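One structure is given here, and the rest of the page talks about it.
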Amino acid sequence: MPDFDTVQIQPDPRNPRIARLLLNRPERLNAITAGMPRDIRSAVEWANENDEIHVIIVEGAGKGFCGGYDLADSAQTLRDQPCQQEQYPWDPMLDYRAMKGFTEDFMSLWRSPKPTIAQVHGAAVAGGSDIALCCDLLVMADDARIGYMPTRVWGCPTTAMWTYRLGFARAKQMMFTGNVLDGRTAAAWGLANASVPVAELDSHTFELAERIAGVPNSHLAMHKMVVNQVMLTMGLEQSQTMATLFDGITRHNPEGLWFRRYAQEAGFKAAVAWRDSGQPIPEGDEARALIRQMEDRRKG
């Protein structure tokens, strides 16, 4: 089996036509590191090169599917990096190159000629929802959660999959609020293909995968290509370009910088609690004034 730092992949022992791709950082809720997107892409490529495999199940180790990008360290420090630059002026294309690379890696799940199924328990939130929604099908536990809370501040989902998977009005509701959906609601809204009790999640997903695995690879690839082409014709790639640029702006405009400065002063958990609480987020001149106050306290 191939060896990766952040994921594992192997044929399911019950049916070698099914591959199991495991996000494997359970001690960090499978949070996304700089290397995980490339590991996901390499694992998908391995499965696509294996003629016996017909379908790929993507799941998370431990308590949940994926809690998003591993941001606690970068949010709380002044360490400069492409996606959170401290130097001035900000270089948007440096940010775009890094985030677009991650997006393209996640999209290997969507482009894979072999169908992909996200099996979600616990949380698939923020960047973790990007991974789940790049899969062709989504099966959730009833009590699982999916959403992109950083739309409230400091993020824009770069895969832009919410609109294509959920429709215009409900996608806007999710982006405007930063709310999360449980599995039952995701299924009722048509985002998830099914929602089942967590004890039945693996068996239900396996049953679906086994049904798909009985279809010839060539047929699966052709049917997937037709549906994907509709999404491309609707402008998926253009939407992703805009979303990835906007994602960088959210981290470097006054509101984004306020969020990071507050995380540095009060801790990342406190900043996230403010973001998710529903209380107003400082913006514009108010955000700039608070940034100056926090920077003065740090210097003093």
Side-chain angles (χ1 to χ4, degrees), residues 1-70 97-124 126-139 158-159 161 201-222 224-225 228:
M1 295 300 102
D3 184 30
F4 302 107
D5 291 335
T6 64
V7 307
Q8 295 177 1
I9 190 166
Q10 60 185 354
D12 191 303
R14 296 167 291 180
N15 186 334
R17 288 187 168 206
I18 300 170
R20 312 286 302 219
L21 197 171
L22 180 72
L23 309 179
N24 194 33
R25 298 187 70 229
E27 73 285 355
R28 296 290 295 169
L29 299 178
N30 301 314
I32 301 164
T33 64
M36 181 182 280
R38 175 58 61 175
D39 282 352
I40 291 172
R41 185 173 192 162
S42 296
V44 171
E45 289 171 352
W46 175 85
N48 284 329
E49 291 168 1
N50 187 325
D51 291 338
E52 189 172 16
I53 291 172
H54 285 223
V55 59
I56 305 166
I57 295 174
V58 184
E59 58 191 328
K63 295 181 179 180
F65 182 81
C66 177
Y69 284 91
D70 204 343
R97 182 174 65 188
M99 291 307 301
K100 185 61 171 174
F102 295 154
T103 302
E104 290 301 307
D105 290 338
F106 295 153
M107 286 292 286
S108 66
L109 294 160
W110 185 81
R111 295 191 177 96
S112 164
K114 300 181 180 184
T116 55
I117 306 172
Q119 176 180 306
V120 173
H121 73 294
S129 68
D130 280 323
I131 297 172
L133 296 182
C134 282
C135 293
D136 300 307
L137 306 178
L138 173 61
V139 180
T158 61
T159 63
M161 280 292 181
L201 179 63
D202 186 74
S203 61
H204 185 94
T205 308
F206 179 78
E207 182 180 347
L208 175 61
E210 197 161 43
R211 176 73 173 174
I212 294 169
V215 178
N217 268 326
S218 62
H219 287 58
L220 294 172
M222 286 186 286
K224 179 168 178 174
M225 187 179 295
N228 281 6

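None of the values given here were measured: they were computed from a predicted structure. Each residue takes its place number in the sequence, starting with 1. Every heavy atom of this structure was used, including side-chain atoms; hydrogens, water molecules and symmetry mates were not.
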Query raised in the report: Side-chain contact, heavy-atom cut-off 4.5 Å: R17 with K114?
Result: no

Report summary line: Heavy-atom closest pair (C134 atom, T159 atom, distance to 0.1 Å) is SG-CG2, 3.6 Å

Requested in this report: Would you check if the side chain of H121 reaches a backbone N or O of G62 as a donor-acceptor pair within less than 3.5 Å?
Outcome: yes

Query raised in the report: Is it true that E104 and R111 make a salt bridge, defined as a side-chain N closer than 4.0 Å to a carboxylate O?
Result: yes

Report task. Step through the shown structure and confirm whether more than 12 heavy atoms of other residues, nucleotides or ligands are within 6.0 Å of CZ on R211. Result -> no

Report summary line: With sequence neighbours left out, the residues meeting side chain to side chain donor-acceptor pair (under 3.5 Å) with R41 are D105

Requested in this report: Would you check if L208 and Q119 make a side-chain contact, meaning some heavy-atom pair closer than 4.5 Å?
Outcome: no

Query - Residue list, salt bridge (charged side-chain N to carboxylate O under 4.0 Å, His left out) with D39, at least two apart or on another chain - result: none

Query raised in the report: Around atom CE of M225, are there more than 12 heavy atoms of other residues, nucleotides or ligands at under 6.0 Å?
Result: no

Query raised in the report: Between A118 and A132, which heavy-atom pair has the shortest distance, and what is it?
Result: CB-O, 3.8 Å

Report summary line: So CG of N15 and CD1 of I53: to nearest 0.5 Å the spacing works out to 10.5 Å

Query - L29 side chain reached by K63 side chain, heavy atoms, under 4.5 Å - result: yes

Query raised in the report: Just wondering, do R14 and E210 contact through their side chains at under 4.5 Å, heavy atoms?
Result: no

Query raised in the report: What distance do T6 atom OG1 and I40 atom CD1 have between them, rounded to the nearest 0.5 Å?
Result: 6.5 Å

Query - Side chain proximity check, K224 to S112, heavy atoms < 4.5 angstrom - result: yes

Query raised in the report: Do N30 and F65 have side chains that get closer than 4.5 Å, going by heavy atoms?
Result: no

Query raised in the report: Would you say N228's side chain and W110's backbone share a donor-acceptor pair under 3.5 angstrom?
Result: yes

Query raised in the report: Side chain of T116, backbone of L109: donor and acceptor closer than 3.5 Å?
Result: yes

Report summary line: Separation between CD1 (I9) and CH2 (W46), nearest 0.5 Å, reads 5.5 Å

**Report entry** Sub-4.5 Å side-chain heavy-atom contact between N217 and P113
**Finding:** no

Query raised in the report: Rounded to the nearest 0.5 Å, how far does CG of L137 lie from CD1 of I212?
Result: 5.0 Å

Report task. Carefully, step by step, assess Y69 and M36 under the rule side-chain contact (heavy atoms from CB on, under 4.5 Å). Result -> CA-CA 10 Å; Y69 284 91; M36 181 182 280; over 6 Å; no

**Report entry** Enclosure of E207 CD (heavy-atom neighbours >12, cutoff 6.0 Å)
**Finding:** no

Requested in this report: Among I117, V44, I57, find the residue that satisfies the side-chain contact (heavy atoms from CB on, under 4.5 Å) test when tested with L21.
Outcome: V44

Query - R38 and D5 ion-paired at < 4.0 Å - result: no

Report summary line: In terms of heavy-atom contacts, D136 and P115 come closest through OD2-CA, 3.2 Å

Query raised in the report: Taking all atoms of both residues into account, what is the closest heavy-atom pair of V58 and C135, and its distance?
Result: CG2-SG, 3.8 Å

Report summary line: For S129 and A126 the tightest heavy-atom approach is OG-O, 2.6 Å

Query raised in the report: Just by modelled atom types, is the G214 backbone N or O under 3.5 Å from a matching donor or acceptor in the H54 side chain?
Result: no

Query raised in the report: To the nearest 0.5 Å, what is the distance between CZ (F106) and CG (D130)?
Result: 6.5 Å

**Report entry** Smallest separation among heavy atoms of L23 and C66, with atom names
**Finding:** CD1-CB, 4.0 Å

Query raised in the report: Okay, side chain of R25, backbone of A31: is any donor-acceptor separation there less than 3.5 Å?
Result: yes

Requested in this report: First locate atom CG of N48, then atom CD1 of I56, and finally report the distance between them rounded to the nearest 0.5 Å.
Outcome: 5.0 Å

